[in-house]
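Here is the structure we will look at, set down as structure tokens.
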Amino acid sequence: LLEVGGRPQAIIRAVVEATGKDLHASASMLVPESRLWKLDVDELRHWCRGTQLQHEVALTDPMRCHALEITGTREEVGAALQALIAQVCD
């Protein structure tokens, strides 16, 4: 489990590099339940078809979170991460 911070493009680059293998990447992350109302999974799937939001709670402490999986080419994952950051980050 990694926590990545910084500017959006730096975050995207770090996540894709950390989760990438050859031309593909697979990023698993936690989305706080308090941010689910901002999440547009259909838009994320527009950028990367391998996007799945788990309906079950993955973590309850310190806050309730749901798992989000984004799997595809590095470019697809990067585009979906950019959309995710725009959606849920203030």
Side-chain angles (χ1 to χ4, degrees):
L1 181 63
L2 297 172
E3 182 173 346
V4 180
R7 296 176 188 251
Q9 289 305 316
I11 293 169
I12 293 164
R13 194 170 35 254
V15 171
V16 170
E17 286 300 315
T19 65
K21 185 175 183 181
D22 300 322
L23 299 175
H24 293 87
S26 182
S28 302
M29 61 212 70
L30 296 171
V31 178
E33 201 167 68
S34 63
R35 297 289 181 163
L36 288 180
W37 68 274
K38 293 181 145 193
L39 190 64
D40 183 348
V41 177
D42 289 333
E43 181 186 351
L44 299 181
R45 283 192 189 116
H46 168 79
W47 296 107
C48 183
R49 283 184 261 151
T51 300
Q52 295 284 354
L53 176 66
Q54 300 301 318
H55 296 287
E56 302 84 27
V57 174
L59 184 74
T60 59
D61 189 29
M63 66 186 82
R64 293 172 60 92
C65 294
H66 294 258
L68 178 69
E69 304 282 336
I70 302 175
T71 302
T73 67
R74 288 174 176 252
E75 292 78 19
E76 292 168 344
V77 171
L81 288 170
Q82 186 168 347
L84 173 68
I85 289 169
Q87 289 176 17
V88 300
C89 295
D90 294 324

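- To the nearest 0.5 Å, the span separating CD on Glu75 from SG on Cys48 amounts to 10.5 Å.
- Ionic pairing of Glu17 and Arg74 is present here: one or more N-O contacts between side-chain nitrogen and carboxylate oxygen are shorter than 4.0 angstrom.
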Could you go through the side chain to side chain contact (heavy atoms under 4.5 Å, CB included) check for Ile70 and Val15 one step at a time?
CA-CA 11 Å; Ile70 302 175; Val15 171; over 6 Å; no

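- Under 3.5 Å, the side chains of His66 and Glu56 contain no donor-acceptor pair of N or O atoms.
- Residues Ala58 and Ala67 approach most closely at CB-N, 4.0 Å, considering heavy atoms.
- Distance check, rounded to the nearest 0.5 Å: CG of Leu30 to CE of Met63 gives 10.0 Å.
- Across all non-hydrogen atoms, the minimal contact from Ile11 to Gly6 is CD1-O, 3.2 Å.
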Could you give me the CA-CA distance, side-chain angles and deciding distance for His24 and Glu76, then say whether side chain to side chain contact (heavy atoms under 4.5 Å, CB included) is met?
CA-CA 9 Å; His24 293 87; Glu76 292 168 344; over 6 Å; no

Under the side chain to side chain contact (heavy atoms under 4.5 Å, CB included) criterion, do Met29 and Leu81 qualify, and how do the steps go?
CA-CA 10 Å; Met29 61 212 70; Leu81 288 170; 3.6 Å; yes

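- The nearest pair of heavy atoms linking Val4 to Ala14 is CG1-CB, 4.1 Å.
- Atom CD of Glu33 and atom CG of Leu39 lie 12.0 Å apart (nearest 0.5 Å).
- Taken from NE2 in His46 to OG1 in Thr51, the straight-line distance is 11.5 Å, to the nearest 0.5 Å.
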Let me see the working for Arg35 and Gln87 under side chain to side chain contact (heavy atoms under 4.5 Å, CB included), right down to the final yes or no.
CA-CA 9 Å; Arg35 297 289 181 163; Gln87 289 176 17; over 6 Å; no

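- To the nearest 0.5 Å, atoms CG (Leu44) and CG (Leu84) are separated by 5.5 Å.
- Under the 4.5 Å side-chain heavy-atom criterion for grouping Ile, Leu, Val, Met, Phe, Trp and Tyr, Leu59 is not connected to Val57 through any hydrophobic cluster.
- The CG atom of Asp22 sits 12.5 Å away from atom OG1 of Thr73, with the distance rounded to the nearest 0.5 Å.
- Trp47 and Ala80 get closest at one heavy-atom pair: CB-N, 3.8 Å.
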